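Keep in mind that what you see is a predicted model, and the values were worked out from it rather than measured.
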There are 2 protein chains.
Amino acid sequence: MSKLDTLDFSVLSLLQENGKASYSDIARKLSVSEGTIRSRIGKMVKDGVFEFIIHVNPNKVGLCVQAIIGLTTKLGRQEEVAGWLHQFPEVRFVAAFSGKHDLMLQAYFSSNEELVHFVNKELAKLDGIDTVDVSIELKQYKDSFSYAIPKNSNNSISS
Amino acid sequence: MSKLDTLDFSVLSLLQENGKASYSDIARKLSVSEGTIRSRIGKMVKDGVFEFIIHVNPNKVGLCVQAIIGLTTKLGRQEEVAGWLHQFPEVRFVAAFSGKHDLMLQAYFSSNEELVHFVNKELAKLDGIDTVDVSIELKQYKDSFSYAIPKNSNNSISS
DNA sequence: TTTGAAAAATGCGAAGC
DNA sequence: GCTTCGCATTTTTCAAA
């Protein structure tokens, strides 16, 4: 697992603009051979630097209710609760946090009923949970995946 | 803008497994022609159902500090604040919510100093903001983009 | 590691069903 | 709207610098 160099960052930048850019395209823009781009991308993907994915617009597939849920958990049971939450397909994101809530999660539902069911039936099953704070998304302003990449950073950091 | 049918959902499902699957691959797996897959994908992308992107692992590019920040805003100034936040490359996600915070945002920084600067200098400039609640991510358990797609939903919904 | 060239596979546009 | 059919482009492999 080595550091990323300038070329790697240029590749990332072009791929952030267009996730479907071809190796050849990128190679032409960066004035290197297609094989170089392919090997750089292959290495980065293998090392977990990035992955090729599709981002589905939840609203377009009927997931109209989006929520961020903050939890406090009983001492020593956070991992257990997080592991349980991990398994729900409705749950897109779970992490432990400092601050008011031990755990926060982001989840998508197709209706308010499903959200209520998730909170009152599924979460209620877990007695490691102390409190639940549900925030329902009213209007989205930004949901970007092309965040700023610090080009001068030390990138020998692992996941 | 028409509904998605079973074939569209199957395509989405395969692309969620592998964002780099070729038209031909998908066509073979679903027993239709490559041209059909190509036109379905083209239509869905045009309609904003999904997009091809790369997902960069923030930790691998030096963005080691991840935060969720909850804000309360002065009455009537939420849009203005959200619009301002939108412009920061550090800010990945912003949305208005019901619940304790009017706005919540997710942001990535390369150091605690940068987070502190963002909160104390940048956010402080906005007098539309009343309160700020910063939660720092300690451990991530899930960050998925292959969320469950309800196959039986009514999908004439727009963004 | 990067490059170049040949072979295989994929993507693309157009025509016909 | 789906398929087939050429042709352009891309991807893949591999040998060599």
More than 12 heavy atoms of other groups within 6.0 Å of A:Lys100 NZ: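 Check fails, neighbour count at 12 or below.
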Ion pair B:Asp127/B:Lys74, N-O distance below 4.0 Å: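 No, B:Asp127 and B:Lys74 are not salt-bridged.
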Donor-acceptor side-chain pairing of B:Thr73 and B:Asp102 below 3.5 angstrom: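 There is such a pair between these side chains.
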Presence of A:Thr36 side-chain N/O under 4.0 Å of C:dT3 phosphate oxygens OP1/OP2: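 For C:dT3, OP1/OP2 do have a side-chain N/O of A:Thr36 under 4.0 Å.
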Terminal contacting nucleotides, 5' and 3', DNA chain D versus chain B (heavy atom, 4.0 Å):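 That gives a stretch of D:dC2 to D:dT4.
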A:Phe50 backbone acceptor or donor facing B:Lys60 side chain under 3.5 Å: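 No.
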Rounded to 10 degrees, the angle between the two terminal axes of the helix from C:dT1-D:dA17 to C:dC17-D:dG1, each from five pairs: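 Rounded value for the end-axis angle: 30°.
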Restricting to nitrogen or oxygen on both sides, can you table the protein-nucleotides 13-17 of chain C pairs closer than 3.5 Å?
from: C:dG13; atom 1: N7; to: B:Arg38; atom 2: NH1; distance (Å): 3.4
from: C:dG13; atom 1: O6; to: B:Arg38; atom 2: NH2; distance (Å): 3.4

Qualifying residues under salt bridge (charged side-chain N to carboxylate O under 4.0 Å, His left out), relative to B:Glu79, sequence neighbours excluded: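 Once residues adjacent in sequence are excluded, the partners of B:Glu79 under the salt bridge (charged side-chain N to carboxylate O under 4.0 Å, His left out) criterion are A:Lys139.
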What residues form a side-chain contact (heavy atoms from CB on, under 4.5 Å) with [X], not counting sequence neighbours?
X       : answer
B:Arg92 : A:Arg92, A:Asp143, A:Phe145, A:Tyr147, B:Gln106, B:Tyr108
B:Glu51 : A:His55, B:Ile53
A:Ser22 : A:Ser24, A:Asp25

Pairing residues for A:Lys29 by the side chain to side chain donor-acceptor pair (under 3.5 Å) criterion, not counting sequence neighbours: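 For A:Lys29, no residue satisfies side chain to side chain donor-acceptor pair (under 3.5 Å) once neighbours in sequence are set aside.
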Validation: residues 35-44 of chain B side-chain donor-acceptor distances under 3.5 Å, sequence neighbours left out:
from: B:Thr36; atom 1: OG1; to: B:Ser33; atom 2: OG; distance (Å): 3.1
from: B:Arg38; atom 1: NE; to: B:Glu34; atom 2: OE2; distance (Å): 2.8
from: B:Arg38; atom 1: NH2; to: B:Glu34; atom 2: OE1; distance (Å): 3.2
from: B:Ser39; atom 1: OG; to: B:Thr36; atom 2: O; distance (Å): 3.1
from: B:Arg40; atom 1: NH1; to: B:Asp5; atom 2: OD1; distance (Å): 2.8
from: B:Arg40; atom 1: NH1; to: B:Asp5; atom 2: OD2; distance (Å): 3.1
from: B:Arg40; atom 1: NH1; to: B:Asp8; atom 2: OD1; distance (Å): 3.0
from: B:Arg40; atom 1: NH1; to: B:Asp8; atom 2: OD2; distance (Å): 3.3
from: B:Arg40; atom 1: NH2; to: B:Asp5; atom 2: OD2; distance (Å): 3.1
from: B:Lys43; atom 1: NZ; to: B:Ser2; atom 2: OG; distance (Å): 3.4
from: B:Lys43; atom 1: NZ; to: B:Asp47; atom 2: OD2; distance (Å): 3.0

Qualifying ring pair (Phe, Tyr, Trp, His ring centres under 6.0 Å) pairs with a residue from residues 117-136 of chain B, counting only residues at least two apart or across chains: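 For residues 117-136 of chain B, and leaving out neighbouring residues, the ring pair (Phe, Tyr, Trp, His ring centres under 6.0 Å) pairs sorted by first residue read B:Phe88-B:Phe118, B:Phe109-B:Phe118.
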Of all pairs that satisfy salt bridge (Lys or Arg N to Asp or Glu O under 4.0 Å), the ones with a partner from residues 11-20 of chain A, not counting sequence neighbours: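 Passing the test, one end in residues 11-20 of chain A: no pairs.
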Interface residues of residues 13-33 of chain A with DNA chain C (non-hydrogen, below 4.0 angstrom):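 Nucleic-acid contacts, sorted: A:Val32, A:Ser33.
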